Number of protein chains: 2
Amino acid sequence: MTGQVRTVDGRVAGRRGQATRQKLLDCLSEMLSSSPYRDVKVIDVARKAGTSPATFYQYFPDVEGAVLEIAETMAAESASLAGLTAGRSWTGKAGWQTAQELVDGFMEFWRRNDAILRVVELGAAEGDKRFSKIRMKILNSVNSSLADSVADLQAKGRVDKDVNPAAIAGSLVVMLAGAASQQKGFSSWGVKQAELKPNLALLMYLGVTGRKPTK
Amino acid sequence: MTGQVRTVDGRVAGRRGQATRQKLLDCLSEMLSSSPYRDVKVIDVARKAGTSPATFYQYFPDVEGAVLEIAETMAAESASLAGLTAGRSWTGKAGWQTAQELVDGFMEFWRRNDAILRVVELGAAEGDKRFSKIRMKILNSVNSSLADSVADLQAKGRVDKDVNPAAIAGSLVVMLAGAASQQKGFSSWGVKQAELKPNLALLMYLGVTGRKPTK
DNA sequence: TCGGTAAGCTGACGGCATGACAGGACAAGT
DNA sequence: ACTTGTCCTGTCATGCCGTCAGCTTACCGA
């Protein structure tokens with residue numbers, strides 16, 4: 001899909017170049033986890049990678065450019081999220097299981113990509129279309145599948161006519177994302193991870209089906 | 001509650017000083033709305049306020065410090081959110097009305113304070129306790145009230161024993177916050193503002209009461 | 001083996017933001 | 001007019017940004 005990897009000035013990157021490039025990305029990832037986004041400086045990333053700032057600018061236009069790169073890789077990996085909802089049933093006990101596994105998988109993915117997702121959320125909220133697009137790509141797999149499920153149930157008359165499947169699905173996905181990204185916030189409310197998950201699953205089930213789960 | 005306004009080097013600020021200080025805060029607010037957080041520079045804020053960077057540093061330790069100030073003012077104003085839930089009924093038609101008004105008020109508040117809330121969310125997600133505290137203060141008024149409502153219904157046996165009121169309330173509040181902060185994201189999913197709100201209200205009602213609303 | 005060529009890296013530099021300080025401008029009271 | 005304390009800014013050392021020319025390294029064909 002993407003062509004060859006190229007430097008900013010148009011040269012094609014060879015083995016060594018790609019390795020350096022990757023090392024810079026890895027170090028940037030680490031820095032994002034350990035210090036506030038606003039304070040991540042090119043020079044720190046370069047130092048950490050054992051190279052010079054000039055090298056950084058050979059591969060990326062700026063910090064944001066490199067962040068986008070990382071985010072795109074992650075978005076590609078997010079394809080695995082689709083498996084959490086694709087072709088699953090939302091009725092009866094199987095539905096409850098679906099809800100639980102979705103919550104579990106989603107939270108796990110979010111926690112694994114914690115740092116970079118924070119930046120993506122910020123960029124998207126600030127109206128940057130490149131970040132919005134990536135955010136969409138990640139959430140879409142889950143979202144569209146959920147919307148389909150709601151629409152299905154609606155067609156069968158098991159969900160009210162006046163609900164908007166896309167709106168419901170979007171809201172639920174946003175809830176998952178919010179809960180995942182502010183997990184610490186919940187502990188201040190006296191809610192532990194382990195308690196949070198089943199309650200999220202309950203809300204997912206309720207939202208999709210409009211009725212209480214049979215466990 | 002807070003004592004006198006003081007400069008960084010300990011002097012008390014007089015009328016004129018407070019005015020300058022406030023102007024700097026206002027300009028910073030504007031800048032946060034118009035450019036990415038990462039790119040907001042002291043020198044730009046100062047120029048916009050018709051003063052010099054040195055003046056800025058007289059009143060605030062850095063950009064983050066000033067942002068915290070703005071956020072705290074906003075948190076104080078968020079007390080108005082408490083009125084959206086305090087003492088409201090969650091049963092029958094009144095409950096549906098409560099849900100709608102809560103969604104409406106919350107979204108409006110969030111939209112009004114869009115820019116600063118983005119930064120607060122980021123700071124909190126990055127683990128900065130000062131931002132987490134402010135975030136808590138804003139969400140708490142709604143959250144604790146919701147949790148109380150759930151606990152009430154639970155005591156009356158109208159909600160299952162095994163739900164955790166705090167977890168449910170927190171998740172719902174997070175959903176509202178997420179939906180409010182990424183309103184543009186929904187339009188990419190083909191969901192308009194006007195359609196989104198009733199669906200959010202539906203999810204709120206479902207979450208709190210565990211059953212469908214009677215409209 | 002030996003250039004030739006392109007990839008890869010860095011030192012160095014002008015430019016700009018940061019953050020500190022000392023001193024000048026200003027308002028208010030005497 | 002003088003004093004006092006508040007308020008603002010010119011200036012400076014420091015450090016990061018982003019670019020360039022030029023050096024080193026790897027690869028390849030003859």
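Just so it is clear, the model here is predicted, and its values are computed rather than measured.
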Acceptor/donor pairs from residues 63-71 of chain B side chains to any protein atom, 3.5 angstrom cut, sequence neighbours excluded:
residue: B/Glu64; atom: OE1; partner: B/Arg130; partner atom: NH2; Å: 2.5
residue: B/Glu69; atom: OE2; partner: B/Arg21; partner atom: NH2; Å: 2.4

_Leading and trailing nucleotides of DNA chain C with any atom under 4.0 Å from heavy atoms of chain A_ =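 The contacted stretch runs from C/dA7 to C/dG11.
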For [X], all residues meeting ring-ring contact (aromatic ring centres under 6.0 Å, His included), sequence neighbours excluded:
X        : answer
B/Phe106 : B/Trp110
B/Trp189 : B/Phe186
B/Tyr59  : none
B/Trp90  : none

*asked:* Once salt bridge (charged side-chain N to carboxylate O under 4.0 Å, His left out) is applied, do any residues pair with A/Arg6, and if so which ones, sequence neighbours excluded?
replied: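 Here no residue qualifies.
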_Under 4.0 Å, heavy atom to any atom of DNA chain D: which of residues 45-68 of chain B qualify?_
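Hits under 4.0 Å, by residue number: B/Thr51, B/Ser52, B/Ala54, B/Thr55, B/Gln58, B/Tyr59.
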*Close residues, residues 17-43 of chain A, relative to DNA chain D [heavy-atom separation under 4.0 Å]*: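 A/Lys41, A/Val42, A/Ile43, in order of number.
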_Start and end of the DNA chain D segment that chain B contacts, any atom under 4.0 Å from a heavy atom_ =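 The contact span of chain B on DNA chain D goes from D/dT6 to D/dG10.
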_Ionic contact status for A/Lys48 with A/Asp44, cut-off 4.0 Å_ =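 No, A/Asp44 and A/Lys48 are not salt-bridged.
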*So, are B/Lys137 and B/Glu72 salt-bridged, with charged N and O less than 4.0 Å apart?*
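Here B/Lys137 does not pair with B/Glu72 in a salt bridge, since their nearest N and O are not under 4.0 Å apart.
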Side-chain donor/acceptor pairs under 3.5 Å, residues 75-83 of chain B, sequence neighbours excluded:
residue: B/Ser78; atom: OG; partner: B/Ala75; partner atom: O; Å: 2.5
residue: B/Ser80; atom: OG; partner: B/Glu77; partner atom: O; Å: 3.1

*Starting at OG of B/Ser29, measure out to CG of B/Asp114 and round the result to the nearest 0.5 Å.*
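It is 11.5 Å, given to the nearest 0.5 Å.
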*Calculate, to the nearest 0.5 Å, the distance between atoms CG and CG belonging to B/Leu102 and B/Leu176 respectively.*
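Separation between the atoms: 5.5 Å.
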_Applying side-chain hydrogen bond (donor to acceptor under 3.5 Å, both in side chains) as the test, list every pair that has at least one member in residues 195-208 of chain A; sequence neighbours left out._
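Qualifying pairs, neighbours excluded: A/Asp104-A/Lys197, A/Glu195-B/Asn164.
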*Look at all strands and tell whether A/Arg6 reaches a base, only sugar-phosphate, or nothing, counting heavy atoms closer than 4.0 Å.*
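Contact class for A/Arg6: none.
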